[in-house]
Protein chains: 2
Amino acid sequence: MKPTIRDVASYANVSISTVSRVMNAPETVAEEKRVKVLEAIEALQYQPNAFARGLIYKKSDTLGVMIPDIENPYYAGLIRGMQDAAVVLGHSLMICNTDRDKERTLAYVQSFFEKQVDGIVFASDSLHKEYYEEMQRLRLPYVLASTNAPEYEIPSVDIDDEQGAYEAVKHLIDSGHRRIGMICFPLDKTISGQPRYDGFARALREAGLNKFVSCVAYAEHRFEDAYEAASQLLARHPELTAVFAASDEFAMGLISYLRDRGRSVPEHVSVIGFDNIRMAHMFIPKLTTIEQPTYDIGYRCVCKLHELITTGEVEVLREKLPHRLIIRESTRRR
Amino acid sequence: MKPTIRDVASYANVSISTVSRVMNAPETVAEEKRVKVLEAIEALQYQPNAFARGLIYKKSDTLGVMIPDIENPYYAGLIRGMQDAAVVLGHSLMICNTDRDKERTLAYVQSFFEKQVDGIVFASDSLHKEYYEEMQRLRLPYVLASTNAPEYEIPSVDIDDEQGAYEAVKHLIDSGHRRIGMICFPLDKTISGQPRYDGFARALREAGLNKFVSCVAYAEHRFEDAYEAASQLLARHPELTAVFAASDEFAMGLISYLRDRGRSVPEHVSVIGFDNIRMAHMFIPKLTTIEQPTYDIGYRCVCKLHELITTGEVEVLREKLPHRLIIRESTRRR
DNA sequence: AGGTTTTCTGAAAACCTTTTCAAATTACAT
DNA sequence: ATGTAATTTGAAAAGGTTTTCAGAAAACCT
């Protein structure tokens with residue numbers, strides 16, 4: 001049986017209060033007893049029971065994390081950043097994979113609540129009304145990572161997607177391209193959908209390329225969807241010399257499609273992605289893309305959640321981190 | 001303040017014992033009171049406190065998971081499998097990223113222990129002596145995923161790496177290749193190191209290709225290491241027509257190197273990988289590889305840990321799951 | 001030495017549940 | 001109606017810790 005504070009106390013011939021004090025406020029106990037207790041702890045390999053402490057402190061030092069699709073490499077950096085922040089702030093992370101399924105997400109929230117997590121971070125997925133209402137009901141602190149909620153006052157950290165998309169397309173235009181298409185997320189995706197399309201359209205309009213704002217094909221999240229979308233886009237608009245893919249995975253699907261049709265990148269078509277996932281520089285050709293600071297987003301959003309938990313509020317509600325254009329091999333001057 | 005069982009009891013005009021019974025053994029309480037209690041629970045949105053229950057049941061229904069490198073896509077499938085198994089068995093997962101750092105790993109073990117996890121799964125990383133001893137000391141149940149411990153009696157689930165590697169190289173030989181090299185993990189990696197090399201060597205010897213068993217370059221885990229290793233291997237052995245890469249990421253590093261040297265795959269050199277990570281079929285060329293059933297490994301190892309926790313032992317100690325050769329585009333007949 | 005602070009210590013309450021045990025109530029049999 | 005068995009209920013203990021409070025011991029001052 002695991003030793004308890006009682007065992008330590010009797011081993012050291014003191015009361016349990018003294019043992020507790022040695023661990024939580026050592027300066028208040030006399031030198032002599034303190035070393036006896038320390039010895040007893042060492043001898044018995046005592047470790048305090050987290051349930052008992054949780055009962056008193058009413059917190060678990062654990063944070064719940066909702067990941068929409070753990071297989072998507074985009075989340076790797078995010079998780080790593082969260083981990084590191086969690087370590088320095090003394091939290092543990094409980095990660096779960098929602099598959100973007102509402103019921104499943106709600107079930108996890110429920111489970112997190114019962115396990116008394118101190119807070120939750122929702123990554124990437126839109127904050128659906130159901131989620132919002134459930135979180136209100138449970139009164140659990142939470143933040144949004146890599147997404148935000150325009151309609152509610154929820155702390156979030158992400159990038160300026162509209163501006164990022166704008167810069168991506170601007171890069172294409174500055175490189176001499178005029179006939180530009182896009183592979184886009186469904187517009188109801190709060191973050192990756194509408195804003196990235198808006199950035200695309202703004203860059204085109206600014207350059208007087210209005211007729212191309214409708215050169216868009218839609219894909220859900222995965223490589224295969226993008227491959228399919230690419231086939232539709234190129235069938236409708238064979239004249240395109242450049243395409244903005246709303247994610248690196250889309251870019252890879254697109255490039256694979258082009259390759260299968262005997263057209264090469266960047267010789268025939270320039271492709272720019274979004275995210276800069278790790279694979280972006282391993283792919284052939286290496287992907288030109290907009291880098292999201294995923295590590296920092298993860299790191300910051302855990303800090304923010306911590307802030308929310310400890311102080312009850314956050315300094316800045318919607319935090320935007322800087323993105324960056326990375327020029328590699330999948331785009332070229334025309 | 002969160003409602004407690006007391007609040008429910010007084011709301012329903014019964015004792016707390018009755019409320020508890022309604023939740024844990026409803027058939028023992030009279031219909032009439034039962035509905036009153038249920039109404040009270042609903043009205044107050046009561047949820048039992050996991051700390052208090054943990055104190056009594058001495059378990060948290062939480063499993064700790066050690067992942068060496070969360071950014072490595074290999075682990076994505078593994079985690080997904082674990083998640084799914086955890087859900088059906090009523091567990092939650094606490095995932096952490098060890099960076100293969102011993103101190104960090106030990107610190108996490110410590111933290112898991114304090115949080116009273118019911119068991120731990122170590123993924124992939126070798127079970128170092130320090131880990132083994134610490135786990136003995138803490139007397140926590142644990143299993144190994146995608147690795148095993150030849151020297152200790154620890155439950156594990158993985159594949160037959162030696163045989164997988166053998167089949168990979170056999171495929172190269174059967175396709176007419178004779179001059180075959182390998183990019184290998186350091187041999188002290190219990191699983192990905194020595195056994196995959198042994199499979200490589202066995203296939204070569206069996207085909208009378210003894211002189212090539214030393215055509216090996218070593219890389220740590222990442223793409224960049226493999227790129228570097230490729231340059232060494234090809235510098236020493238420019239005559240190679242095929243290479244067995246001990247992981248898909250190695251294969252990608254190797255192919256990138258070849259591409260940068262103007263040699264293409266599979267036209268000039270055939271490359272076979274190992275793992276079948278998701279990226280393997282997105283890469284250009286699509287990777288021929290040995291598929292590891294990562295999802296199943298994850299799933300099974302959580303089941304196994306559950307078995308170990310509940311019964312105190314496991315049916316089969318070292319479980320091997322089937323692998324499979326997947327032929328795609330990175331290899332061709334010679 | 002006597003009184004007053006200060007330092008140190010232990011008993012007990014609190015945190016929230018489950019479960020045992022005994023008491024109270026009901027149902028049943030004669 | 002009476003005794004017995006079965007059902008239902010609540011009081012209290014247990015689980016392991018932190019913390020308050022009061023008392024004991026030590027230190028200080030005059």
Side-chain angles (χ1 to χ4, degrees), chain A residues 1-41 44-62 90 111 113-118 138-139, chain B residues 1-38 40-41 44-62 90 110-111 113-118 138-139:
Chain A
M1 211 57 274
K2 280 188 194 177
T4 75
I5 199 172
R6 286 223 141 56
D7 302 319
V8 177
S10 63
Y11 188 102
N13 267 315
V14 296
S15 74
I16 61 168
S17 327
T18 303
V19 177
S20 178
R21 270 187 286 259
V22 168
M23 297 186 304
N24 300 295
E27 67 284 0
T28 68
V29 11
E31 172 82 22
E32 174 209 13
K33 306 220 171 193
R34 190 171 39 193
V35 307
K36 276 205 302 186
V37 169
L38 257 11
E39 282 168 13
I41 287 175
L44 300 177
Q45 295 281 348
Y46 167 74
Q47 317 235 201
N49 179 313
F51 293 134
R53 325 186 79 187
L55 207 46
I56 291 165
Y57 292 132
K58 298 180 190 325
K59 60 196 198 88
S60 58
D61 288 331
T62 300
S111 152
F113 183 78
E114 281 175 15
K115 296 243 161 99
Q116 316 277 329
V117 299
D118 298 341
L138 299 178
R139 290 207 226 84
Chain B
M1 211 57 276
K2 278 188 194 175
T4 75
I5 198 172
R6 283 223 141 58
D7 303 318
V8 177
S10 63
Y11 188 102
N13 267 316
V14 298
S15 73
I16 61 168
S17 325
T18 303
V19 177
S20 178
R21 269 187 287 258
V22 168
M23 297 186 303
N24 300 297
E27 68 283 0
T28 67
V29 8
E31 173 82 23
E32 173 211 11
K33 306 221 172 196
R34 190 172 36 194
V35 307
K36 274 206 303 185
V37 169
L38 256 13
I41 287 176
L44 300 177
Q45 295 280 351
Y46 167 73
Q47 317 235 205
N49 178 313
F51 293 135
R53 325 185 78 184
L55 207 46
I56 291 164
Y57 292 132
K58 297 182 189 322
K59 61 197 199 91
S60 58
D61 288 330
T62 300
Q110 176 71 26
S111 151
F113 183 78
E114 281 174 16
K115 296 243 161 99
Q116 317 278 330
V117 300
D118 298 341
L138 299 177
R139 291 209 224 80

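Throughout, protein chains are lettered first and strands after them, A, B, ... in sequence-line order, and every chain is numbered starting at 1.
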Checklist entry - Considering only dG10(D), dT17(D), dC16(C), which nucleotide approaches the side chain of Asn49(B) most closely? => result dC16(C)
Next on the checklist: Reading DNA chain D from 5' onward, which residue's closest nucleotide shows up sooner: Ala30(B) or Lys2(A)?
Outcome noted: Ala30(B)
Checklist entry - Roughly how far, to the nearest 0.5 Å, is the NZ atom of Lys115(A) from the CD atom of Gln47(B)? => result 13.0 Å
Next on the checklist: Can you tell me whether the side chain of Arg6(A) and the base of dG15(D) have a donor-acceptor pair closer than 3.5 Å?
Outcome noted: no
Item to check | d(NZ, Lys33(B); C1', dT25(C)) in whole Å | outcome: 11 Å
Checklist entry - So what does Ser17(A) touch, heavy atoms closer than 4.0 Å: a base, only the sugar-phosphate, or nothing? => result base
Next on the checklist: Is Thr18(A) close enough to dG10(C) that one of its side-chain N or O atoms is under 4.0 Å from OP1 or OP2 there?
Outcome noted: yes
Item to check | Nearest heavy atoms of Tyr57(B) and Asn24(B), plus distance in Å | outcome: OH-OD1, 4.2 Å
Item to check | Spacing of Ile16(A) atom CD1 relative to dT19(D) atom P, expressed in whole Å | outcome: 13 Å
Checklist entry - For Asp7(A) and Lys2(A), which heavy atoms make the closest approach, and how far apart are they? => result OD2-O, 4.2 Å
Next on the checklist: From the set dG10(D), dT18(C), dA11(C), return the single nucleotide nearest to any side-chain atom of Ser20(B).
Outcome noted: dT18(C)
Next on the checklist: Looking at Lys36(A) and Glu39(A), is there a salt bridge between them, counting it only when a charged N and a carboxylate O are closer than 4.0 Å?
Outcome noted: no
Next on the checklist: Rounded to whole Å, please give me the gap between CG in Asn13(A) and P in dC8(C).
Outcome noted: 20 Å
Checklist outcome for this item: Rounded to whole Å, CG of Asp7(A) lies from P of dG16(D) at a distance of 8 Å
Item to check | Interatomic distance, Glu32(A) CD vs dC8(C) P [rounded to whole Å] | outcome: 12 Å
Next on the checklist: Without decimals, in angstroms, what is the distance between Gln116(A) CD and dC15(C) P?
Outcome noted: 15 Å
Item to check | DNA chain C contacts made by residues 50-59 of chain A, counting heavy atoms under 4.0 Å | outcome: Leu55(A), Ile56(A), Lys58(A)
Checklist outcome for this item: On a heavy-atom basis, the closest approach of Lys58(A) and Phe51(B) is C-CE1, 4.4 Å
Checklist entry - Which distance, rounded to the nearest 0.5 Å, do you find between the CD1 of Ile16(A) and the CZ of Arg21(A)? => result 10.0 Å
Checklist outcome for this item: Checking N1-N3 plus N6-O4 or O6-N4 for Watson-Crick, or N1-O2 and O6-N3 for wobble, each under 3.5 Å, the partner of dA14(C) is dT17(D)
Checklist entry - In whole Å, what is the span from the CD atom of Glu27(A) to the P atom of dT6(C)? => result 18 Å
Checklist outcome for this item: Here the pair of heavy atoms bringing Val29(A) nearest to Lys33(A) is CG2-CB, 4.1 Å
Checklist entry - Between dG10(D), dT8(D), dT18(C), which one does the side chain of Met23(B) approach most closely? => result dT18(C)
Checklist entry - Atom CD of Glu31(A) and atom P of dC8(C): how far apart are they, to the nearest Å? => result 11 Å
Checklist entry - Counting only Watson-Crick or G-U wobble pairs whose two distances fall under 3.5 Å, which nucleotide matches dT30(D)? => result dA1(C)
Next on the checklist: Just verifying a value: how many Å separate Leu55(B) CG and Asn49(B) CG, rounded to the nearest 0.5 Å?
Outcome noted: 10.0 Å
Item to check | Phosphate contact (dG10(D) OP1 or OP2) by Ser15(B) side-chain N/O below 4.0 Å | outcome: yes
